[in-house]
Chemist: 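Quick one: this structure, given as structure tokens, is what I'll be asking you about.
Here the structure is a predicted model, which is why all the values come from computation and not from measurement.
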Amino acid sequence: MKNTLLNMILVLGGISTVAAAGVGYVYKITEAPIAAAVEANKTAALAGVLPAFDATTPAELTLDEIPVTVYTATQGGNVVGYAVETATRQGFSGEFRLMVGFSPDGKVLAVEVLQHAETPGLGDKMGNEGNPLFASFKGRNPGEMNLAVKKDGGDVDALTAATITSRAYVDAVARAFNAMMEMTGGPKADAATGATATADAASGATAETTSTEQEKEADNE
Amino acid sequence: MNKLKIILSGIVKNNPTFVLMLGMCPTLATTTSAVNGAGMGAATMAVLILSNIVISLIKGIIPSKVRIPAYIVVIAAFVTIVELLMKAYLPELSKSLGVFIPLIVVNCIILGRAEGFAAKNGVLDSALDGIGTGLGFTFALTLTGAVREMLGSGAIFGHKFISGDGMLIFVLAPGAFLVLGYLMVAFNKLTAKIK
Amino acid sequence: MEYVLIIISAIFVNNVVLAQFLGVCPFLGVSNKVSTSMGMGAAVVFVMTIASLVVYLLQYYVLVPLGIEYMQTIVFILVIAALVQMVEIVLKKVSPSLYQALGIFLPLITTNCAVLGVAILLVQKQYDLLQSVTYAFSTAIGFALALVIFAGLRERLELEDVPRSLRGTPIALITAGILAMAFMGFSGLV
């Protein structure tokens, strides 16, 4: 076709219209499946960290400027556990997100890694089954633990050669625990309850004060 | 032209990755495993075939001065369609390929084949060229991915054949450059022998 | 502090070419000489910064209000292509000397996936306007840095006796691999 201005505008306009219509049509078709895929992803993560449940109620919180979502899972009206979508910004390659499942009495049931950019083969082992990080938390209440890796004087076994990732993991789990405690009104594992008010969850000293604090509380009971 | 020759040319003689060295970004970025490489190759091939067909159909009505923008619109539309379909039906793969799905738009292979082949040839030949070039690209990506996965994670297509870790550097960024560099050497040697 | 983090991360830790593999084509193609690589680097800095501004405004004042975010890819690539043309025309009129230095690189930038990649990433990372521009600018600086270093290495390589089958792109890729290894030393910095 000739290179007249009218021709160019007509052809480009026509192609763009057809292209836009085609894309719009496919978008309409895929809208529902995409939403379903996102939903299925979340449900799978929830199911992976919680015991059997029939309903969840989400609640959005913000801790240390990081958005955290607490899902309260119920079975026939009884609370069977909490799943907390948590994050940390202290990872080796920036932010990563975890889903942490708690029993109603605050014990860690399971942890799933939702999204991360940690080094393959080192930091990304935090997602493997039976890794020392998760093993340190499994079945324990973070509020009764010294929340730091062993290198920093805490109770958590770090991943080999991935101390920064391990510290960040502890930070994320601590944040999940605190978010859940904020929901249920229990004592926190962080500086919020303690006398020494340093905000660093990974520092052994802070966590130590907290755990002694809680031991005292336990004694009182 | 012989139909089979069109397909074969894209795979060996004009292999987009090893010979023409086009589309380097996705080749390096998405080949952390054989499956990812194959997925990226397949997505690119789909766009390539569709855009080749459409462009050879409409080549007659496009004024020559606006042909590049017109091609880009066609390619971008197909890329978006592929992206939406992958999000809907292959969410895992679409997540691991990430930003490189929309970036198929600027993959020089596609615009290159549109301009260099589809704009001059009939519909059937253009489709075959899309298949050939797409297969060549997919082959290169899967091979690079497989080598990196083998060396880097000690696995192939996700099945581990040694316990423990591989040489991590091959899964990381530098490994991509190194593996592709040496594969290119091997490919050049092999094709030189055949000739 | 936040901006310092964005800048350091974009230039060194997540270097656009060596860690994210965006813009590898010009990285391999325009790195034979230090002087041309500087021209290319400057042109990318220029275009990427302007593109980030335009793309940001387009995303949040046109695409989101209309509810057509899924048209992102088409709209962005067309806008970037048009923008490059406009920059070329304006530069020719306003500053012929700058045009002489950058002119030949401008058309190449449309198909530089780093520009479109950064545009998509800054939307994905949900940066605000100032963060977006900072991110784009420092990413481009990272690109220019990697390109100039790489060109310096290749100039030296020209004088070496490289085995025949390694000559050209293979040795360039292997060099880039070693450079990427060096850049990995920056990880963990932020």
Side-chain angles (χ1 to χ4, degrees), chain A residues 1-45 92-93 97 113-125 127-131 159-162, chain B residues 32-33 36 50-51 54-55 57-96 98 102 105 148-149 151-155 160 164-173 175-176:
Chain A
M1 221 181 246
K2 289 223 176 75
N3 277 314
T4 60
L5 188 63
L6 184 69
N7 269 346
M8 290 193 217
I9 294 173
L10 276 181
V11 169
L12 267 192
I15 291 176
S16 307
T17 315
V18 174
V23 172
Y25 178 69
V26 175
Y27 175 73
K28 279 274 170 278
I29 300 176
T30 51
E31 205 177 1
I34 289 177
V38 171
E39 190 61 34
N41 209 347
K42 206 179 72 189
T43 321
F92 195 63
S93 315
R97 305 189 70 79
V113 180
L114 297 179
Q115 177 240 316
H116 77 95
E118 299 303 287
T119 319
L122 297 172
D124 81 333
K125 281 193 189 147
N128 291 1
E129 242 169 79
N131 72 77
L159 297 173
T160 323
Chain B
T32 47
S33 71
N36 282 353
L50 291 169
S51 68
V54 169
I55 285 166
L57 277 175
I58 62 170
K59 61 176 188 280
I61 60 160
I62 304 175
S64 60
K65 272 192 185 162
V66 291
R67 67 178 196 286
I68 299 290
Y71 297 164
I72 290 180
V73 173
V74 172
I75 294 167
F78 281 125
V79 168
T80 313
I81 289 171
V82 167
E83 187 188 355
L84 288 170
L85 290 174
M86 283 185 78
K87 260 192 200 153
Y89 303 109
L90 298 166
E92 283 299 313
L93 187 63
S94 124
K95 213 166 131 193
S96 62
V105 177
R148 286 180 67 188
E149 197 182 347
L151 295 172
S153 339
K160 275 189 98 65
D165 302 320
M167 291 170 272
L168 289 175
I169 195 78
F170 287 104
V171 183
L172 301 174

Chemist: Identify the two heavy atoms, one from B:Val73 and one from A:Ala19, that lie closest to each other, and give their separation to 0.1 Å.
Modeler: CG1-CB, 3.8 Å
Chemist: Could you look at B:Phe78 and say if it's the side chain, the backbone, both or neither that has a heavy atom under 4.5 Å from chain A?
Modeler: neither
Chemist: Can you tell me how far the OG1 atom of A:Thr30 sits from the CD1 atom of B:Ile81, to the nearest 0.5 Å?
Modeler: 9.5 Å
Chemist: Check B:Ala88 against A:Ala37 and note the closest heavy-atom contact, atom names and distance.
Modeler: O-CB, 4.2 Å
Chemist: Can you measure from CG (B:Leu85) to CD1 (A:Ile34) and round to the nearest 0.5 angstrom?
Modeler: 8.5 Å
Chemist: Does the side chain of A:Asn41 come within less than 4.5 Å of B:Pro91's, by heavy atoms?
Modeler: no
Chemist: Would you compute the distance between atom CD1 of B:Ile55 and atom CD1 of A:Ile15 and round it to the nearest 0.5 angstrom?
Modeler: 8.5 Å
Chemist: What distance separates A:Thr4 OG1 from B:Lys65 NZ, expressed to the nearest 0.5 Å?
Modeler: 10.0 Å
